[in-house]
Amino acid sequence: MLYLALIILIVAIVLLWQSGRQRKQAGLPGGRVIYTDTRAWGEVDKALYDHALGLTGKPDYLVEQDGQIIPVEVKSGRTPEAPYDSHIFQVGAYCLLVEKAYGKRPPYGIIHYPKRDFAVDYTTELESALMEQLAEMRRDGMRQDVPRSHDEPARCQSCGFRKVCDQKL
Ligand code: SF4
């Protein structure tokens, strides 16, 4: 389970760092503003897991619309003009996990910010970018000598790997 937790945490960190570059390269969807009825949202009991990819994640909600199962990710804090790239990747990962778990490909996922909701289309481009990230992550995971990629003590202060990291600042 520790391995799985590390995987999902690393996904979030790596995607956050690299999302700007990836989005430009992959032509990721930007997100459409939509109206949503939160009464239809159902909480998710347990995390979704895909053994082959070594990926796990738990959307905040799943909603059934026209026979499709749509993952919903709820974000607090400032509502951006457009979804952050890291959030696009995250909801894309949930779409992937929903497809694996239920055998139906969600056409999009929803990011719910305090003041606005966005639909992020689960395009083949988004899926490809995600798979590339996972492959890259697995390659890095096999390495013994992954160097620290920043000089920000504040980042290390709040890092979950601080206790075991020999490069912390
Ligand atoms: S403690 Fe610092 S260097 Fe180590 S993994 Fe965390 S952020 Fe990176």
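One-based numbering, in listed order, for ligands and for the atoms of each. Atoms considered below: every heavy atom in the structure, side chains included; atoms not considered: hydrogens, waters and symmetry mates.
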Between [atom1] on residue [X] and [atom2] on residue [Y], distance to nearest 0.5 Å:
X: R139; Y: L134; atom1: CZ; atom2: CG; result: 11.0 Å
X: H112; Y: S76; atom1: NE2; atom2: OG; result: 10.0 Å
X: C95; Y: I69; atom1: SG; atom2: CD1; result: 11.5 Å

Legend entry - atom 6 (Fe) of ligand 1 to nearest N/O/S of C165 less than 2.8 Å: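 It does not; every qualifying atom lies at 2.8 Å or beyond.
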Legend entry - Within residues 46-65 or reaching into it, pairs that qualify as salt bridge (Lys or Arg N to Asp or Glu O under 4.0 Å) - sequence neighbours excluded: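 Of all non-adjacent pairs touching residues 46-65, none passes salt bridge (Lys or Arg N to Asp or Glu O under 4.0 Å).
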Legend entry - Residue R148 vicinity, atoms of ligand 1 by number, heavy atom under 4.0 Å: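 Taking each heavy atom of R148 in turn, ligand 1 has 3 (S) under 4.0 Å.
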Legend entry - Contact atoms of ligand 1, heavy-atom distance to C159 under 4.0 Å: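 Result: 1 (S), 5 (S), 6 (Fe), 7 (S).
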Inset, instruction - Identify which of R155, K168, Q167, H150 has a heavy atom lying nearest to atom 8 (Fe) of ligand 1. - result: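 Answer by nearest heavy atom: H150.
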